[in-house]
Protein chains: 2
Amino acid sequence: MPDTDRLMTIREMCDTYEVTPRTLRFYEAKELLSPNREGQKRLFTRRDRARLKLILRGKRFGFSLEEIRQLLELYHVGDQQQTQLARTLAIAKERLADMERQRNEFNEAINDLGEQIDWVTQTLASTAVSKDAAE
Amino acid sequence: MPDTDRLMTIREMCDTYEVTPRTLRFYEAKELLSPNREGQKRLFTRRDRARLKLILRGKRFGFSLEEIRQLLELYHVGDQQQTQLARTLAIAKERLADMERQRNEFNEAINDLGEQIDWVTQTLASTAVSKDAAE
DNA sequence: CGTATTCCTTACGTTAACGTCAACTCCCTC
DNA sequence: GAGGGAGTTGACGTTAACGTAAGGAATACG
């Protein structure tokens with residue numbers, strides 16, 4: 001059995017991905033994850049791990065869990081109906097366009113901030129000099 | 001008096017920037033804005049407008065209002081002390097590094113999503129064909 | 001003068017995304 | 001068989017960023 005097919009306990013998951021048990025149970029409640037059960041214990045599959053990675057990445061970009069849930073459907077195609085799939089696809093395309101727009105704004109902001117930092121650095125340097133001169 | 005120096009009422013602000021009065025009062029309470037008063041009414045200055053724009057942009061990038069408040073200090077240099085200014089500058093540089101890291105991840109995510117969309121589009125097209133053929 | 005509009009303050013309500021705590025159930029081991 | 005961990009299910013608490021509603025002041029209009 002390849003290592004990637006290992007089932008992980010909640011603790012292993014937490015240590016691996018730096019999340020709390022509460023978080024994983026919360027994601028399950030929100031139907032973002034669906035671990036197996038052994039008795040009442042959760043066992044997380046390869047699929048859960050892949051999804052969790054995407055969830056965490058999505059969060060870093062400021063997506064809500066609900067939005068992420070929609071994106072996850074893209075990675076879970078197989079049993080879906082055509083129309084539903086097409087809808088999901090449309091959503092993903094919109095999201096992609098959003099992200100591209102956001103990236104552009106982001107680049108602007110990075111440039112702005114960089115310039116501002118340069119400016120302040122200059123100011124700081126020159127006032128330090130004039131202060132020296134005054135003493 | 002140049003138009004940029006006009007004082008704006010709360011409603012003008014709301015219409016211009018598509019925010020609610022509550023939001024503007026909230027930002028004032030958090031010391032992100034500091035409009036003048038005429039009696040008890042707020043009058044927003046050019047400076048408030050500039051700051052509001054930055055606040056809104058910061059929000060689009062997922063910054064918290066507290067983080068934004070720190071960045072705003074960069075745009076309000078003049079009466080500050082050197083040490084305080086230097087600290088602010090350090091914060092801004094970290095923030096810039098964060099943003100650059102985030103941009104890289106972001107680009108990856110955009111590529112991933114794009115590929116995924118292509119893939120699904122393909123799948124959708126070919127299953128549609130085979131479905132046609134089966135009928 | 002009445003009332004309509006715009007604004008104000010105060011204060012409680014709401015949503016997302018968990019944190020925290022109590023009370024249980026297994027399973028292991030000493 | 002008493003205790004110790006790891007895991008479970010409620011259920012209430014928390015923070016950020018406002019929404020919303022109640023009640024009052026100031027100005028404008030007919």
Output the rounded distance in Å from CZ (A/F26) to P (C/dG19). 10 Å

Could you state the atom-to-atom distance from CZ of A/R22 to P of D/dA11 in whole Å? 13 Å

Separation of C/dC7 atom C1' from B/L24 atom CG, nearest Å, is 13 Å

Would you indicate, yes or no, if C/dC18 has its OP1 or OP2 atom less than 4.0 angstrom from a side-chain nitrogen or oxygen of A/T20? no

Toward the 5' end of DNA chain C, which comes first, A/Q40 or B/K41, by nearest nucleotide? B/K41

For atom CD1 of B/I55 and atom P of D/dA17, their distance in whole Å: 11 Å

From CZ of A/R25 over to P of D/dA6, roughly how many Å is that when rounded to an integer? 13 Å

What nucleotide, of C/dA17, D/dC18, C/dC8, holds the atom closest to the side chain of B/R42? C/dC8

Tell me: CZ of A/R37 to C1' of C/dT25, nearest whole Å? 13 Å

Name the nucleic acid region contacted by A/R11, choosing base, sugar-phosphate or nothing; use a 4.0 angstrom heavy-atom cut-off, strictly under. sugar-phosphate

Lys/Arg N to Asp/Glu carboxylate O, B/E66 vs B/K30, below 4.0 Å: no

Using atom CD of A/E31 as one end and atom C1' of C/dA17 as the other, report the distance to the nearest whole Å. 17 Å

OP1 or OP2 of D/dC18 under 4.0 Å from side-chain N/O of B/Y27: yes

Rounded to the nearest 0.5 angstrom, the NZ-CD1 distance for A/K53 and A/I55 is 12.5 Å

Does the side chain of A/T23 get closer than 4.0 angstrom to OP1 or OP2 of C/dA17 through an N or O atom? no

Straight-line distance of A/E100 CD to B/F106 CZ, nearest 0.5 Å: 9.5 Å

Look at A/E105 together with B/R57 and state whether they make a salt bridge at an N to O cut-off of under 4.0 Å. no

Heavy-atom pair with the smallest gap, counting every atom of B/R51 and B/L32: NE-O, 2.9 Å

Establish, with yes or no, whether the OP1 or OP2 oxygen of C/dC7 is under 4.0 angstrom from a side-chain nitrogen or oxygen of B/T9. yes

I need the CG-C1' distance between B/L7 and C/dT6, as an integer number of Å. 17 Å

